[in-house]
Amino acid sequence: MSATLEKLEQLYEGKAKKVYKTADPERYIVSYKDDATAFNGLKKGTIVGKGAINNRMSNYLMQKLEEAGVPTHFVEELNDRETVVRKVKILPLEVIVRNIAAGSFSKRMGVEEGSALRCPILEFSYKNDDLGDPFINDDYAVALGLATREDLQTVRDYTHKVNEFLKAFFLGLNIELVDFKIEFGKTSDGKIILADEISPDTCRLWDATTHEKLDKDRFRRDMGGVEDAYQEVMRRIFG
Ligand code: TMP
Ligand code: ASP
């Protein structure tokens, strides 16, 4: 059925994806771009082949997560860059999990990148580009009407499952899942499901032996070898 869906009007263009309406009011089509941005869009570039990699990787991981009991927006991969997804209203929260100190956590807390953490950290940011996605807690989210307590509990439960699944999955590829960001959406019948993407754009992935970075930090930090890093993760997943 959904195999016949085609892109209609473009609804939205984000930094890394475009979203289109389809003839089915409960389905959207997302189209992944090679565009890369960092620092709230201040730094712009292209990572050749990224759109296809992120599309395929994200779809694969979402299908695995469904099997592990986390509902997701994934419906059907149409081609290299395009996927049919369930229509959701995205909760304006970036849900971040940290297993190892890195990035903004290291900077904010003065903890060296790569330091062990005694437990995984789940944190929220308010998805708002004008404000630079500020760090918030549960009370902020509820007080501002971004989510209810029940929504946040569901998001936490699913997020812990996602972390446990992804950590083990990547470790099986000799990759450490340092941290990642996910987003959730609400379907028209009010269910919270995992949406957006899971890719080297949204995860920090380090080779478990060499600690080489295999993710978007290579772009953010002008380290070179960006395309090779994305392809290396693909190679380890799909052979
Ligand atoms: P951070 O250390 O910069 O806060 O990033 C934490 C994780 O979230 C890291 O895996 C990269 C990811 N991330 C995004 O996917 N989008 C963003 O806009 C930011 C700031 C981080
Ligand atoms: N993509 C985000 C931006 O441009 C940030 C990032 O991933 O570093 O703001």
Side-chain angles (χ1 to χ4, degrees), residues 12-19 30 32-47 50-51 53-55 57-58 61-62 73 90-117 119-137 140 146 155-156 159-160 162-163 165-167 169-171 175-185 194-208 211-223 226-227 229-230 233:
Y12 171 79
E13 176 160 6
K15 297 185 190 111
K17 295 187 284 298
K18 296 178 186 177
V19 182
V30 294
Y32 285 74
K33 308 188 286 185
D34 284 355
D35 300 355
T37 66
F39 315 117
N40 202 12
L42 238 53
K43 181 185 176 83
K44 290 190 172 70
T46 301
I47 301 175
K50 171 173 89 77
I53 288 176
N54 289 4
N55 183 43
M57 188 182 303
S58 191
L61 293 173
M62 292 228 184
H73 73 169
I90 294 285
L91 298 178
L93 299 174
E94 302 212 326
V95 183
I96 294 167
V97 175
R98 303 181 187 277
N99 294 307
I100 297 172
S104 68
F105 175 85
S106 286
K107 205 172 255 174
R108 189 177 333 109
M109 302 311 296
V111 175
E112 202 187 334
E113 279 210 328
S115 303
L117 299 171
C119 69
I121 296 170
L122 191 160
E123 68 184 49
F124 295 121
S125 295
Y126 174 30
K127 251 174 87 74
N128 183 317
D129 281 342
D130 293 340
L131 300 175
D133 298 339
F135 189 92
I136 59 167
N137 67 15
Y140 278 53
L146 311 180
V155 163
R156 280 179 187 282
T159 299
H160 282 121
V162 171
N163 187 41
F165 173 83
L166 290 180
K167 251 196 318 194
F169 174 81
F170 280 114
L171 206 54
I175 290 172
E176 282 178 327
L177 178 64
V178 174
D179 56 33
F180 62 92
K181 183 270 300 179
I182 50 180
E183 297 181 19
F184 291 87
L194 182 62
D196 194 50
E197 69 177 274
I198 303 174
S199 72
D201 273 17
T202 62
C203 301
R204 284 196 173 92
L205 303 170
W206 294 356
D207 181 278
H211 303 295
E212 190 189 357
K213 296 186 197 311
L214 300 173
D215 58 60
K216 192 177 165 190
D217 269 350
R218 302 197 76 89
F219 169 80
R220 296 188 187 98
R221 302 177 188 190
D222 294 319
M223 297 170 74
V226 186
E227 280 88 357
Y230 279 61
V233 178

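Remember, it's 1-based here, ligands and their atoms both numbered in the order they're listed. From a predicted model like this one, the values you see are computed outputs, not experimental measurements. Counting begins at 1 with the first residue of the sequence.
- Ligand 2 has no nitrogen or oxygen under 3.5 angstrom from a nitrogen or oxygen of D201.
- Those atoms of ligand 1 with a heavy atom of F180 less than 4.0 angstrom away are 10 (O).
- Looking at V178 against ligand 1, nothing comes within 4.0 Å, counting heavy atoms.
- For F165, the ring-ring contact (aromatic ring centres under 6.0 Å, His included) criterion is met by F169, not counting sequence neighbours.
- In this structure, R204 pairs ionically with D179, as a charged nitrogen and a carboxylate oxygen lie closer than 4.0 Å.
- Not close to ligand 1: D215, with no non-hydrogen atom less than 4.0 angstrom away.
- In this structure, CG in N54 is found 6.0 Å from OH in Y230, a value given to the nearest 0.5 Å.
- Listed by atom number, the atoms of ligand 1 under 4.0 Å from T202 heavy atoms are 10 (O), 12 (C), 15 (O).
- Checked by distance only, ligand 1 and D133 stay at 3.5 Å or farther apart across all their nitrogen or oxygen atoms.
- Applying the 4.0 Å criterion to heavy atoms of G41 picks out, from ligand 2, the atoms 3 (C), 4 (O), 9 (O).
- The nearest heavy-atom contact from the protein to atom 8 (O) of ligand 1 is K181 CB, 3.4 Å.
- The closest protein non-hydrogen atom to atom 11 (C) of ligand 1 is R220 NH2, 3.6 Å.
- Nearest protein neighbour of atom 4 (O) of ligand 1, counting heavy atoms only, is S104 OG, 2.5 Å.
- Under 4.0 Å from ligand 1, the heavy atoms of R98 that appear belong solely to its side chain.
- In this structure, K107 does not count as a contact residue of ligand 1, since none of its heavy atoms falls inside 4.0 Å of the ligand.
- The single protein non-hydrogen atom nearest to atom 17 (C) of ligand 1 is E94 OE1, 3.9 Å, given as residue, atom name and distance.
- Nearest protein heavy-atom neighbour of atom 5 (O) of ligand 1: R204 NH1, 3.5 Å.
- Contact atoms of ligand 2 toward K15: 3 (C), 4 (O), 9 (O) (distance under 4.0 Å to a heavy atom of the residue).
- The presence of a protein heavy atom under 4.0 Å from atom 20 (C) of ligand 1 is ruled out.
- Partners of K213 according to the side-chain hydrogen bond (donor to acceptor under 3.5 Å, both in side chains) rule, which considers only residues two or more places apart in sequence or in another chain, do not exist here.
- At the shortest separation from atom 7 (O) of ligand 2 among protein heavy atoms lies K216 NZ, 2.8 Å.
- Taking a cut-off of under 4.0 Å to the non-hydrogen atoms of D201, the atoms of ligand 1 that pass are 15 (O).
- Protein heavy atom closest to atom 9 (C) of ligand 1, with residue, atom name and distance, is D179 OD1, 3.1 Å.
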Applying side chain to side chain contact (heavy atoms under 4.5 Å, CB included), run through H211 and E176 and close with a yes or a no. CA-CA 8 Å; H211 303 295; E176 282 178 327; 3.4 Å; yes
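- The side-chain tip of K43 points at the ring of F219 from less than 6.0 angstrom away and within 45° of straight on.
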